[in-house]
Amino acid sequence: MSMVQITRKFGDQIYLVELQATVEKMSETLDIGTLEIVKENNKKKAAIYVGNQCMEGVVETLQKPLAVLQKSRVGDDESPAHGLNIVSIIKERIRFSSRPLPVKL
Amino acid sequence: MEEDPASQRIPLKFSEYEEEPEFLLLELDKELQNIIEQNPDEQVVLKAGSDSKSSVLCTSNSTYSVRQLIQSNSLLLFQSSHPSEWTLQDSKHSYLELEQIYGSIIIEDKISYWDEDAFEKIPSSISFQEFICQVPASENEIKSFLGSNFIMKKDNTLYRMSPSYIMTLMDWIFAVIHQLRADFSTINVEKFKELARADEIDTDAIISVLWSISRTPFLSPVDTVVINKSLVCFWIGRFLLEDVITIEISRFLLKWREKLPENCKDLVSLDILKGFYFYTGADMIQYFSSSQLPRDPTRCFQVLFQAKSKWLYDEIWPFVETLAVDKSKVEALLLKYGRKQVTKNGVYINSRSTW
C-alpha cells in the first residue's frame, strides 16, 4: 500500500458543467460558445450556445460537494514522489439534461 | 458561484495550452468538507492498495473506502482565468465516491512476535511509521488498536506478544500491586518500570500491558495510569477461552474467576466476551473471534453460517456490526444474507440455503 498526502492548495475557482455530450476542438479557434445564466424566482436557469445549437439547463447545488484534486510533484530530484493538491471545491453544477436544439434565428 | 447579477453571459473557451492539467473529482461528505475547509492542519491521506478496490482515504480519525463511479455524462471543468471568461481545463466521465468504513487493521502478516526468551537476537519487524502507511485505516484508529492489543514498541519497531507472555506480565503486575498495597486507580509508571528492571523484566513489554489494560492512548507519555477492571476481566477471559477453544460454560466461568485478581471477580460474565465466542450447545461455547472474519460481507456471512446455520440475533450482531458504520446498513446486510425468524425463544438469523 502506498500513501499519498493530500494538501490544500486552493487556486482559481473551478466550475462544473455537466452535459450529455462531448466537447471537441475541431478548428484552430479556441472558442467553444457562450454560457448564459439567468436568475428567475430564486432559481438559476442556464443556457449554453455552441455554434447554431442551444441547450437549456439549471444551476443546482450539489448534495455532496466535489473536491478537485490535481497531482503534484513533491520531494527532490533524487527521491521524487507524488502528492495530491485540492485546488478547488465545487458546490454547484450547471446541468444540461436536454438534447441540443437549433438556435432560433 | 459568487453573488451575481440577474443574468450573466460567459464566453467559454478551450485552453490555449496543449497539455491540460489532469484533475480528479472527489465527492465529500459533511465531515470531510469541514476538515478540508476549516482545519488546514488536519492531515488527509490517500492510501492506494495494490488493486483499485482496496484504496482508502483517511483523516486522523476516519477511514473512507474509495470507489470510482463512471458515468456517461461529461463533467466539464472550467476555470475563470479572466473575469468574464471561462477556460475549459479538463473533461471527466467519472468521480471518486467515498463511504465511511471502519479501518481494517490486520497485524498477523506485518508485526512479528517478540521472543521474550531470546535475549541477544532481536527479531525484525515493522516500524510504527511503515505500519501507518501500509494499513488501510486512520492514524487514530491504528493507535487505538495498537494501544489496546498489547503491541509493544521497541526502538520505533512494533512487536506482538504471545498470550502466555502477556498473562505472565499481568500476573507480575498484580503481584506488585498487592505487594505495594496499591490500587488500580493510581499506578505509577516509573515505579513499575524501576521494579521491572530490578526483576529483569522488559520495561517496554510492561508498558504495553499497562497501556492495554488501562485505556491509555498509545505512545502517550503519562506518569500514572488507571487500570480498568473490565479490560482485565475481558483479556484474561479471552486468553483462557482462546486456549481451550471449546468448553462447558460453568467450567469456563469457574476457571476465569480463579485467574482474576480479587477486585475483578465480580465482573465475570459472558456478556464481556461477546464477539469472541458462540454457543455450540445449551451449555457449551466455542472461541471465535470477529477479527478472523473477512471484511467482505458475502464471505463474512459465509464463514458465520458455516460455523453454524442458526444464530440468535444478539449473538451474531457483534460479529457483523463493523461491516458498515451506518447501523441500518448492517441490518440490511443481515436480512440480505440471512433469514430472520421470530420465535418465543428469541429472534434468530438463519442461513439462506443458497450462496
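The model shown is predicted, which means the values in this text are computed figures rather than measured ones. Quick note on labels: first sequence line is chain A, next is B, and so on, each numbered from 1.
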Straight-line distance of A/Ile86 CD1 to B/Leu24 CG, nearest 0.5 Å: 11.0 Å

Check: B/Glu141/B/Thr63 side-chain N/O donor and acceptor closer than 3.5 Å: yes

Interchain contact, A/Phe96 with chain B, by part (heavy-atom threshold 4.5 Å): neither

Distance-only side-chain donor-acceptor flag, A/Gln70 / A/Asn85, under 3.5 Å: no

Neighbourhood of chain B inside residues 1-8 of chain A, taking heavy atoms under 4.5 Å as contact: A/Met1, A/Ser2, A/Met3, A/Val4, A/Gln5, A/Ile6, A/Arg8

Side-chain touch A/Tyr15/A/Leu35, heavy atoms, less than 4.5 angstrom: no

Pair B/Lys327 + B/Glu331: basic N to acidic O under 4.0 Å: no

Residues from residues 94-110 of chain B approaching chain A under 4.5 Å (heavy atoms): B/Tyr95

Approximate separation, where rounding is to 0.5 Å, of B/Leu158 CG and B/Trp114 CH2: 12.5 Å

Side-chain (B/Ser208) to main-chain (B/Asp204) donor-acceptor, under 3.5 angstrom: no

Heavy-atom proximity to chain B below 4.5 Å, by part of A/Ile89: side chain

Within the 6.0 Å centroid threshold, strictly below: B/Phe319 and B/Phe301: no

SB check A/Glu60 A/Arg95 (cutoff 4.0 Å): yes

Distance-only donor-acceptor check, side chains B/Ser328 and B/Asp326, under 3.5 Å: yes

Ring-face cation of B/Lys13 near B/Trp86 (centre distance under 6.0 Å, axis angle within 45°): no

Salt bridge (Lys or Arg N to Asp or Glu O under 4.0 Å) contacts touching residues 25-35 of chain B (sequence neighbours left out): none

Under 3.5 Å, which donor-acceptor pairs link side chains of residues 49-58 of chain A to any protein atom two or more places apart or in another chain?
none

Contact origin within A/Glu24 toward chain B - heavy atom pairs under 4.5 Å: backbone

Contacting region of A/Lys45 [heavy-atom separation from chain B under 4.5 Å]: neither

Chain B contact via A/Leu62 - which portion, at a heavy-atom distance below 4.5 Å: neither

Among A/Asp31, A/Val38, A/Leu16, A/Leu19, residue most engaged with chain B (heavy-atom pairs, under 4.5 Å): A/Leu19

For chain A, the option from B/Gln71, B/Glu37, B/Gln43, B/Gln79 that forms the most heavy-atom pairs under 4.5 Å: B/Gln79

Partner chain B: residue of A/Thr29, A/Ile48, A/Thr34 with the largest heavy-atom pair count (under 4.5 Å): A/Thr34

Close side-chain approach of B/Ile10 to B/Glu85, heavy-atom, < 4.5 Å: no

Which atoms of A/Lys64 approach chain B - backbone, side chain, both or neither, heavy atom under 4.5 Å: both

